[in-house]
Amino acid sequence: MEVYKYNFNLGTKTTKERGKSMKLKSIITAGFLSAGILFAAPAWAEYPEKPITLVCWSSAGSGHDLMARMIAKVGEKYIGQPMVVLNKSGGSGKVAMSYVLNQKTDGYVVMTNTRSMTTSLRGASAGLSADDFKFVSRVVRDPFLITVAQDSPFNDIGDLVAYAKKNPGVLTVGGYETKSVDESLIQDLEAAAGIDLNYIPYKGGKEPVVAVLGGHIEVAIANPSEMMTNFKAGSLKVLALASDSRFAPFESVQTLSEQGYEVVTEHWRGVMAAGNVPDNVVATLNDMLAKVVVDPEFVTFMENANMYNGYMESEKFTGLVKKQSAM
């Protein structure tokens, strides 16, 4: 260890010693200044410190809306702040997506998303891209089914196909929006069965069911959560399931594949945020959703709505959305 030597006769250090002393003093002074700045700087608040708005791009009462509201209800106890659902329907999700992209990218306005919206994320021609967003988590998977009023002359998909072949372009089938998974399901069925149907788009997932019950259309594409109440009341019957296997309470109904038409269409729902939202915010939201999907209240909700746990973390979910958006 080097020891400073003072010239006691002059009461000063030598030139070399003085230089070392000044250097040490500068280091100490800089250290105190840095510490002062450090202690004086305000601490960044941890996310979240205020309520979060969860935008839903479907109308109130749809399966998508019901899921969003349950996420908000259950998620509050894991995120530590209130969560408020805001419906922004229209444009196959574009209205909601544009709204979210025009808010501050601090994670306090995020949105639910679905398989249907991937058609709106196809680059320049769509005006939106998957790169404009960060995909937090997939939450549930939700099968499709084909339903009609209880007094319909159709009892299975074979009856529907036979009628459609004799009356091309006449049979009205309602589903959610255009360029949606609902419309894709109808297009796949048309191709597989060699028929031409009249697809009628609606703004909300439950609206086609209401239209069938009102006699405005003949067939509806729906998720179980959108038609279960009317089905249990005996107002609806199911012609086919668009899943790869049967599920409760429709065990007696055959899938499209079982009826000779190789059509399987699965819906999913999740949560996404604007692309500039910080990664730590995405991680916090993902952690919340991982807890939500196994929460007993949310599990009961899924069972009652005939949805099932489709949790997928951010990285894998991003890959899935980008793949489906490119189709």
Side-chain angles (χ1 to χ4, degrees), residues 56 58-70 87 89 114 116 140-164 167 170-177 180-186 189-190 193 195 197-243 245-259 261 263 265-267 269 300-308:
C56 173
S58 187
S59 59
S62 67
H64 182 186
D65 173 73
L66 294 174
M67 184 209 70
R69 294 182 186 281
M70 187 56 65
N87 295 90
S89 60
T114 70
S116 298
V140 301
R141 292 186 290 170
D142 195 0
F144 280 106
L145 47 77
I146 300 173
T147 187
V148 295
Q150 185 62 45
D151 60 358
S152 169
F154 307 141
N155 292 306
D156 56 31
I157 209 67
D159 293 338
L160 182 153
V161 169
Y163 178 86
N167 303 275
V170 173
L171 188 62
T172 51
V173 183
Y176 178 75
E177 290 281 9
S180 62
V181 181
D182 301 51
E183 186 177 26
S184 295
L185 169 55
I186 292 304
L189 179 59
E190 287 176 321
I195 57 177
L197 302 171
N198 182 10
Y199 179 74
I200 309 296
Y202 289 86
K203 290 186 177 180
K206 195 172 183 178
E207 291 178 21
V209 173
V210 174
V212 160
L213 293 170
H216 304 296
I217 59 175
E218 295 160 284
V219 184
I221 303 301
N223 300 118
S225 58
E226 296 162 346
M227 52 75 70
M228 189 62 69
T229 299
N230 298 109
F231 174 77
K232 289 182 176 179
S235 302
L236 295 171
K237 56 185 174 182
V238 179
L239 304 185
L241 310 177
S243 53
S245 60
R246 302 184 193 188
F247 53 88
F250 309 106
E251 293 92 344
S252 63
V253 180
Q254 292 184 321
T255 65
L256 285 169
S257 298
E258 288 177 314
Q259 296 184 62
Y261 305 101
V263 177
T265 302
E266 182 179 68
H267 201 35
R269 297 183 171 98
T300 298
F301 162 75
M302 287 191 291
E303 290 173 349
N304 291 339
N306 282 281
M307 298 179 189
Y308 49 105

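Any value given below was found using the heavy atoms of this structure, including those in side chains, with hydrogens, waters and symmetry copies removed. Fair warning: this is a prediction, and the values are worked out from it, not measured in the lab. The first residue of the sequence shown is numbered 1, and numbering continues consecutively from there.
Inter-residue side-chain proximity for Thr147 and Val212 is flagged as unmet; no heavy-atom pair is nearer than 4.5 Å. You'll find the side chain of Ser180 stays beyond 4.5 Å of the side chain of Tyr202, heavy atoms only. Annotation: side chain of Val181 is not in contact with side chain of Thr114 (no heavy-atom distance under 4.5 Å). With a 4.5 Å cut-off on side-chain heavy atoms, Phe247 and Pro224 count as touching. Between Arg246 and Gln254 there is a side-chain heavy-atom pair separated by less than 4.5 Å.
Here the NZ atom belonging to Lys206 is positioned 11.5 Å from the OG atom belonging to Ser58, to the nearest 0.5 angstrom. Considering CG of Leu197 and OH of Tyr163, their distance stands at 11.0 Å, rounded to 0.5 Å. Residue Ile146 holds its CD1 atom at 5.5 Å from CD1 of Ile186, rounded to the nearest 0.5 Å. Here the CG atom belonging to Asn223 is positioned 10.5 Å from the CD atom belonging to Glu266, to the nearest 0.5 angstrom.
For the pairing with Leu256, the side-chain contact (heavy atoms from CB on, under 4.5 Å) check across Leu241, Thr265, Leu145, Leu189 returns one residue only, Leu189.
Ring-centre distance between Phe250 and Phe231: below the 6.0 Å cut-off.
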Could you walk me through whether Glu218 and Thr172 pass the side chain to side chain donor-acceptor pair (under 3.5 Å) test, one step at a time?
CA-CA 6 Å; Glu218 295 160 284; Thr172 51; 3.3 Å; yes
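Asp159 places no side-chain N or O within donor-acceptor distance of the main-chain N or O of Ala162, the cut-off being under 3.5 Å. Asn155 places no side-chain N or O within donor-acceptor distance of the main-chain N or O of Leu239, the cut-off being under 3.5 Å. Without hydrogens or angle criteria, Lys237 side chain to Ser152 main chain gives a donor-acceptor distance under 3.5 Å.
Ala193 and Val161 make their closest contact through CB-CG2, 3.9 Å (heavy atoms, listed as atom of the first residue, atom of the second, distance).
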